[in-house]
Protein chains: 2
Amino acid sequence: MRESFRKAGVPLTHQRLAVYEELAARHDHPSAESLYESLRKAYPSLSLATVYKTLQTLHTLGMVSRVDSPTAQARYDAIVATHHHAVCTACGKIEDVFDPSLDRLSAPKTAGFVPAGHSVHFHGLCAKCAKTTDKKKK
Amino acid sequence: MRESFRKAGVPLTHQRLAVYEELAARHDHPSAESLYESLRKAYPSLSLATVYKTLQTLHTLGMVSRVDSPTAQARYDAIVATHHHAVCTACGKIEDVFDPSLDRLSAPKTAGFVPAGHSVHFHGLCAKCAKTTDKKKK
DNA sequence: CTCCTGGTTGATAACTATTATCCGCTAGTA
DNA sequence: TACTAGCGGATAATAGTTATCAACCAGGAG
Ligand SMILES: [Mn+2]
Ligand SMILES: [Mn+2]
Ligand SMILES: [Zn+2]
Ligand SMILES: [Zn+2]
């Protein structure tokens, strides 16, 4: 951690550490806003802009990943290893999907395209929302 | 077309027809703004808000699909059949990837998740951008 | 064909997510 | 401990999208 910053020649501030630790402690792929809400209790002087800037910095350093959500609000993840996601279309919950077979999909046959990676986005209903929908149907 | 609207009990207006036809004629997954720019030549009185509302309506009717781009700008597609995308990280170009083997991925093992579908998002450099990058390296 | 009427359009304000600006302050270094 | 480049906080600005609302039109009744 401290190491990653030194290597990149980027100062390690309290705020950066706090943002990273909070993100690493959560597994719900929070948005910048959501992280800010969690952090302001312990760090009342923290600014939302700092959270955004920090997430950008961490992303550039490869220490966090970004999940593009259909809600137009970017969601972040401290897990940078290749993995995939299952998104609930009802509540927006994003769950991790670890499945090595998904990591080795054949590259697209599009002429000239130089692939750098891929991600699989499942959509559907999470356990909780599926239950709620069931009740409605009855 | 006219049929789909009647079935849904939704009035078929000139604007809706125009937006749909323009989208169907293009294969670059345009944004609402981009469609608006194309259409305003032929329909000077068309409003950007109408394009947004129409795309929503068409999407609800299942007549267009939406591609979530990492640029925070939603991109649309008249192709609603299952298919995937290759996104250029340099210029934002979105290309279609038709590959039936990608359509049959195993559903996520996440407990309780009720899958409705999935999409594979390749990222990398399009043919044009890959060439440009090559030149820079030299 | 004409009239009615609820849904739609166009203009624009409002809103949300994100980024830019700017100045006082701090992390890293010696 | 002092220096200074870069950072953080406050806030303005911007981009994309949605809400509002009066005028208008598509589609059905007569
Ligand atoms: Mn994840
Ligand atoms: Mn497509
Ligand atoms: Zn859910
Ligand atoms: Zn490109």
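In the text below, chain A, chain B and the rest are named by the order of the sequence lines, each starting its count at 1. Because the structure is predicted, anything quoted here is derived from the model rather than measured.
- If you check residues 47-58 of chain A against DNA chain C, the residues with a heavy atom closer than 4.0 Å are A:A49, A:Y52, A:K53, A:Q56, listed by number.
- Of the listed residues (B:H27, B:H84, B:H29), just one forms a side-chain hydrogen bond (donor to acceptor under 3.5 Å, both in side chains) with B:D96, and that residue is B:H29.
- Side-chain N/O atoms of A:H14 include one lying less than 4.0 angstrom from OP1 or OP2 on C:dA27.
- For B:H85 and B:H83, the gap between ring centers is short of 6.0 Å.
- When the P atom of C:dT29 is taken as reference, atom CZ of A:F5 falls 14 Å away, rounded to whole Å.
- Residue A:L46 contributes atom CG, which lies 15 Å from atom C1' of C:dC25 at whole-angstrom precision.
- Between the CG atom of B:L17 and the C1' atom of D:dA26 there is a distance of 13 Å, given to the nearest Å.
- The side chain of A:T13 lies closest to C:dA27, out of C:dA27, C:dT18, D:dA26.
- Considering only the side chain of A:V10, D:dC7 comes nearest among D:dC7, C:dG28, C:dT8.
- The cluster map of Ile, Leu, Val, Met, Phe, Trp and Tyr, joined by side-chain heavy atoms under 4.5 Å apart, puts B:F122 and B:L125 in different clusters.
- Counting to the nearest Å, the P atom of C:dA17 and the CG atom of A:L35 are 14 Å from each other.
- Under the 4.0 Å criterion applied to side-chain N and carboxylate O atoms, A:D99 and B:K109 are assigned as salt-bridge partners.
- Two residues, B:Q15 and B:R75, neighbour DNA chain D, and the one matched to the more 5' nucleotide by heavy-atom proximity is B:R75.
- When rounded to the nearest whole Å, the span between OH of B:Y36 and P of C:dG10 equals 9 Å.
- B:V114 and B:L105 sit in two unconnected hydrophobic clusters of ILVMFWY residues. Membership requires side-chain heavy atoms under 4.5 Å apart, directly or through other members.
- For B:L12 and C:dT9, the CG to P distance is 10 Å, given to the nearest whole Å.
- Each of B:R66 and B:R2 has a nearest nucleotide on DNA chain D; the 5'-most of these lies closest to B:R66.
- Taking atom OH on B:Y76 and atom P on D:dG16, their separation rounds to 13 Å, with Å as the unit.
- The CD atom of A:E37 sits 14 Å away from the P atom of C:dT16 (whole-angstrom rounding).
- Among the atoms of the strands shown, only primed sugar atoms or phosphate atoms (P, OP1, OP2) are found under 4.0 Å from some heavy atom of B:S45.
- Salt-bridge annotation for A:D77 and A:R66: absent, with no side-chain N of the basic residue lying under 4.0 Å from a carboxylate O of the acidic one.
- Counting only heavy atoms from C-beta on, A:P11 has its side chain closest to D:dC7 among D:dC7, C:dG7, D:dG9.
- Between B:E95 and A:T110, the side chains place no donor N or O within less than 3.5 Å of an acceptor N or O (distance only, hydrogens not considered).
- When heavy atoms are screened at a 4.0 angstrom cut-off, B:A32 is found touching no nucleic acid atom at all.
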